[in-house]
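Residue numbers begin at 1 in each chain, while the letters A, B, ... track the order of the sequences. All values reported here derive from a predicted model rather than from experimental measurement.
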Amino acid sequence: MHEMGIVLHLARTLDETAEEEHLTKIGKVVLQVGEVSGIMTDLFTDAWDYFKVRHPVLKDSVLVLETIPAVTYCDACKGTYETVKYGKVCPLCGSEETWLKQGSECIVKEIEAE
Amino acid sequence: MRLITVNATVTASNDRDAEALRNRLTEKGTLLVNVMSAAGSGKTTLLSRIIRDMPEMKIGVMEADIASDVDAKTIEALGAEAIQVHTSGMCHMDAGMTAAAVDAMEGHADLLFLENVGNLICPAEYDTGAHLNMMLLSVPEGDDKPLKYPLMFQKSGALVITKTDALPYFTFDLDRCVERAKKLNPAVNVFPVSAKTGEGMEALEAYLRAETQKLSAKEF
Ligand SMILES: Nc1nc2c(ncn2[C@@H]2O[C@H](COP(=O)(O)OP(=O)(O)OP(=O)(O)O)[C@@H](O)[C@H]2O)c(=O)[nH]1
Ligand SMILES: [Mg+2]
Ligand SMILES: [Zn+2]
């Protein structure tokens, strides 16, 4: 399962932060997830709940997921548009010379901890 | 409780592990090639052919599979060192898992292949620590795959179009496929091959030899 792999990496990132900042307990974890990152948020939350109880620093943590909308940039007309609604073809000019500008990321934005 | 701004991508620690592994392998003089494709595109068959065609090279293979070990047995039968890495259900190899597999290899290899899990999506998202990402696309899969799985095409230094002996039976437009791939990744090296007839294999093998030599010259 794809989500479990991401959870393992997330836990490692948080462990490293906990060590650098001398944290003993992480409360809230705010994660920014791109709309077309391929991450299923329900599966992700389930995987996290399964994993966190096995991790002392994380066992009481709550995951907050924020969605980053997917935006595509058009090379031909220099416009941007909603990826999910229009796909690869630019609705402004019909060009296919388009690139995903944002929406595939998975970023740990901030945490609440002590 | 205090608020700490992290702003790190979830795979940041993986990227660090990957860089460390790459440097370690460069020092050892081992070129690591991450082989990625959909299930059944011909990875094991291609690697078997390369091992037979390049007896002068010490070649090793790490077979990542969700459960079985048939591919590792196939490679071992050819006299190359092979190990099986079970991913315990994980759909991709990450740098930590790759480093553990590298440590489990006994002999030295000039050219070490990682046969990644058969899947065109997740393996592309993780840097394994390889010097070169080589993706396979087989003729029966269709020439539209660059449109559907752009990330895999963007992350690959070499695109091997396999099973070209099957071209007469499929409506696969080779030129259009290459054009689509180059649009996503202008620097990609494309090799149409048939591991069955051997067509196109010399060009791919010459490329792998040249990449291995680049490593001795520390050009990575
Ligand atoms: N016609 C033809 N068939 C091929 C060629 N290469 C591989 N095959 C066939 O394709 C099938 C799958 O090949 P494998 O080498 O096992 O593919 P794989 O990518 O290693 O498969 P997984 O490890 O299961 O993902 C086998 O039946 C091969 O005989 C080729 O060049 N031409
Ligand atoms: Mg195989
Ligand atoms: Zn446009």
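- Both the backbone and the side chain of B:A8 come within contact range of chain A, with heavy atoms under 4.5 Å apart.
- Residue B:E106 qualifies as open at atom CD: its count of foreign heavy atoms under 6.0 Å is 12 or below.
- Neither the backbone nor the side chain of A:E96 comes within contact range of chain B; no heavy atom of the residue lies under 4.5 Å from a heavy atom of that chain.
- Pairing each heavy atom of B:E125 with each of A:S37, the nearest pair is OE2-O, 4.3 Å.
- Other residues, nucleotides and ligands place no more than 12 heavy atoms under 6.0 Å from the NZ atom of A:K25.
- Between A:E21 and B:R2 the shortest heavy-atom distance is O-NH2, 3.1 Å.
- The nearest pair of heavy atoms linking A:W99 to B:Q154 is CZ3-NE2, 4.4 Å.
- The 12-atom threshold is exceeded at CD of A:E66, counting heavy atoms of other residues, nucleotides or ligands nearer than 6.0 Å.
- Of the two parts of A:L8, only the side chain, counted from C-beta on, holds a non-hydrogen atom closer than 4.5 Å to a non-hydrogen atom of chain B.
- Between the OG1 atom of B:T5 and the CD atom of A:E110 there is a distance of 6.0 Å, given to the nearest 0.5 Å.
- The greatest number of non-hydrogen atom pairs below 4.5 Å with chain A, out of B:N7, B:T9, B:L147, is found for B:N7.
- Interface residue A:E16: only side-chain heavy atoms are found under 4.5 Å from chain B.
- More than 12 heavy atoms of other residues, nucleotides or ligands sit less than 6.0 Å from atom NZ of A:K88.
- Closest heavy-atom contact between B:L3 and A:E112: CD1-CG, 3.7 Å.
- Counting heavy-atom neighbours within 6.0 Å of B:F170 CZ, excluding the residue itself, gives a total above 12.
- Only the side chain of A:L23 comes within less than 4.5 Å of a heavy atom in chain B; its backbone stays farther off.
- Considering all non-hydrogen atoms of both residues, A:H9 and B:D94 come closest at NE2-OD2, 3.2 Å.
- To the nearest 0.5 Å, the span separating NE2 on B:H92 from CD1 on A:I6 amounts to 7.5 Å.
- Separating the OG1 atom in B:T11 from the CD1 atom in A:I107 is a distance of 9.5 Å, to the nearest 0.5 Å.
- In this structure, NZ on A:K28 lies 11.0 Å from CE on B:M1, to the nearest 0.5 angstrom.
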